[in-house]
There are 2 protein chains.
Amino acid sequence: MTRKTTSGPVTVSQDAPGAPRAAPASDRPPAMGDVARLAGVSHQTVSRVLNDHPNVRAETRDRVLSAIEQLGYRRNTVARALVTRRTGAIGVVTEDSPLYGPTMTLIALENAARGQGMYVSVATVTRWDVATVQGSLEHYMDQGVDGVVVIASHDEAVRAVQSFRARVPVVMVGPAELDGDIPTVAVNQYAGARLATRHLLDLGHTDVLHVAGPQVWLDARSRSRGWHDTMLQAGLRPRDPVPGDWTASTGFRIGKELVERDRTGEDRLPTAVFAANDQLALGLLHAFAESGVRVPHDVSVVGYDDVEGAAHFFPPLTTVRPDFVELGRRCLDQLVAAMAGEPAEPVLVRASLAVRASSGRPRS
Amino acid sequence: MTRKTTSGPVTVSQDAPGAPRAAPASDRPPAMGDVARLAGVSHQTVSRVLNDHPNVRAETRDRVLSAIEQLGYRRNTVARALVTRRTGAIGVVTEDSPLYGPTMTLIALENAARGQGMYVSVATVTRWDVATVQGSLEHYMDQGVDGVVVIASHDEAVRAVQSFRARVPVVMVGPAELDGDIPTVAVNQYAGARLATRHLLDLGHTDVLHVAGPQVWLDARSRSRGWHDTMLQAGLRPRDPVPGDWTASTGFRIGKELVERDRTGEDRLPTAVFAANDQLALGLLHAFAESGVRVPHDVSVVGYDDVEGAAHFFPPLTTVRPDFVELGRRCLDQLVAAMAGEPAEPVLVRASLAVRASSGRPRS
DNA sequence: GACTCGGCTGTTAACGTTCACAACGCGTCG
DNA sequence: CGACGCGTTGTGAACGTTAACAGCCGAGTC
């Protein structure tokens, strides 16, 4: 096996010219065999030391360790992965754009993964169509990851994952629960939305308008439902939600329209708006400020996500704060459980409300 | 070779009794050998087909391809990496927090990498001290990445990278240029800062205050220098910059202090402020709005980064927009060049100015 | 017709680990 | 005193790919 060069004087490690060295041939980084030779043991013993196998004599272990030290040996993860069939990598599929939630989730997930000795490979996706998502999944199958996390509650992404036969566990972050045996981790969007709406109702509002996110996102739908149910249960008949996307520009446009319709008498300005995310809320704030509509005096605004800086919007934004760190952590838990073959219970992470200056009692 | 079990009934895994199958034993995914057997060639020929080796007869190639198709064979990247000593992975070290620039850079980098058939592994870091950074680098050495990108212009991070002997190329994103042979890619922070300051001067301002970023960041220092040099070259004597960090809270506090000192007569409010990033600017806007200081009527504000939503701050923020996509792309170029052993020229990416409503002519 | 050459293919040996098993030394027990 | 068990170590064979080399065959070439 291994080094044929062992024929000849064994293991003489000296730098003097002409003498055979224990150091590896050429520039190749040292391998187990090199360590073994230097320590005067077999490569298997080195392996045992590295893997904390109990049955190694203390003295042997020390000799191996010092040989490792001396050679600057590092275990070759690739070779190890080849035989164990585990790479320790988990693949994350996320969106191309710097959305706050996904980014935070990715970071938290990475931290959690590192805590478990795993590492994270990331692939971004511009659109969530089935072909693209499955392309990413294929990529990860080739890459030999131990598991995949898809950060998306987009309908089509869900379909893509559901119809993909993966050889490793796939966890979805976003959907609260899924048919099939796909483990999920999600922020409790519904509860968060109820929290926000309840807050406005408690302040005395009765006309709480909802500016919705794109309805192809489960997240957006849950938030809409949370708002809707809360209104109904309070005995209120809500206006139809205004459809939006996740951007500030759209929030701005909608804000302008609301003001304009109020001016023309077409529709009265609501006393409060619950926006599906902070960007929409930011756009609304901008439109209102520009039109001389005072927040919260004339209209209260509540957002969702508590993005960086939301505390310094003008006025500081009342918003729902999901616990992304917890989300990332639980996400890894789900993945690890799934890898161990345990059946998965959907996990919901709670969101809290950050009350700031953008919400207040209605005027009249 | 391989299967020693060939002695005795060969590999019998059969669906219909008696008929030997080309399918692999047990549940192991099919390997080259399985494809080879099905196509009636050697595994080496399969390898040749997969690697587009020229000397394969068309008919043979087709037979192999259809065998691959039939078995759903995928090449095992790990085994391949073991023998080629290249994993196709590049490691990215970035910060724990959802800073806009690094996030954008990461995304752009990932896209560029995928375009080259490489993929990106990410490790985050809470602090940039030498031990932590080198820990991440060690991690990537173990992981066998083909190269590493460190997204940080933090002084200590730079030192950490400089004093680390890596076996693969390491590119730093942030520093404009570095001693030693470490390739760099950076936004031209200095030019961007000059652009912003020049813009304010052109509007007629003479008292442009600079709210600086943390000076342990090269980025922050370059921006400060750009502002400072531009002021001097215009024959103006700038006030001392106000030290800040990257957060909106600090911007807010500073804004409040400025207003307060104006009120007490201790120091007049400047007619314009150049903030080292958009978060600081956001905090300033908040403080000014809250204090009744009108932007840009009483004071102009310019930021840096053009974060998501900057166009809908109130008022919309004039800011310097770095080309992060270009940054990510060039970053990969640097890495690829370094992997090919080519000497690296530092790369500077240009930044442009997004002029919006937060900057205007000075009042008097 | 022998010889060479180039296209095509197969054989064997790496790559650096872990796993399964065998072997050895030594104390204990029947 | 031999059998047994246990702690410790070594040996050989995987894992699935690419690299190096050798062999075969038909077409030119002299």
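Within every chain, numbering begins at 1; the chains are lettered A, B, ... in the order of the sequence lines, protein sequences first and strands thereafter. All values derive from a computational prediction rather than experimental measurement.
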Footprint string (nucleotides 4-9 of chain C, 5' to 3'): B base within contact, S backbone only, - free, heavy atoms under 4.0 Å | ---SSB
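Across Asp146(A) and Pro169(A), no two heavy atoms sit closer than the pair O-CD, 3.6 Å.
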Side chain to side chain donor-acceptor pair (under 3.5 Å) between Gln134(B) and Ser163(B), worked out = CA-CA 9 Å; Gln134(B) 295 198 340; Ser163(B) 65; 2.9 Å; yes
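A donor-acceptor contact closer than 3.5 angstrom is absent between the side chains of Asp142(A) and Thr77(B).
Taking only side-chain atoms of Asn76(B), from C-beta outward, the nucleotide of dG16(D), dT11(D), dT17(C) with the closest atom is dG16(D). Distance from the side chain of Ser47(B) is smallest to dT18(D) among dT17(D), dT11(D), dT18(D). Ranking dT17(C), dC15(D), dA20(C) by closeness to the Arg80(A) side chain, first place goes to dT17(C).
The interatomic distance linking Gln44(B) (CD) with dG23(D) (P) rounds to 16 Å, in whole Å. For the pair Leu82(B) CG and dT17(C) C1', the computed distance is 8 Å after rounding to whole Å. Put simply, CE on Met32(B) is 8 Å from C1' on dT18(D), counting in whole angstrom units. Atom P of nucleotide dA13(D) and atom NE2 of His43(A) are separated by 12 Å, given to the nearest angstrom.
In this model, the phosphate group of dT18(D) is approached by a side-chain N or O of Asn51(B) to a distance below 4.0 Å at OP1 or OP2. Contact between the side-chain N/O atoms of Arg86(A) and the OP1/OP2 oxygens of dT18(C) is not found at any separation under 4.0 Å.
Counting only distance, with no hydrogens or angles, the side chain of Tyr119(A) and the backbone of Tyr140(B) share no donor-acceptor pair below 3.5 Å.
From one end of the helix from dG1(C)-dC30(D) to dG30(C)-dC1(D) to the other, with five pairs defining each end axis, the axis direction shifts by 60° (rounded to 10°).
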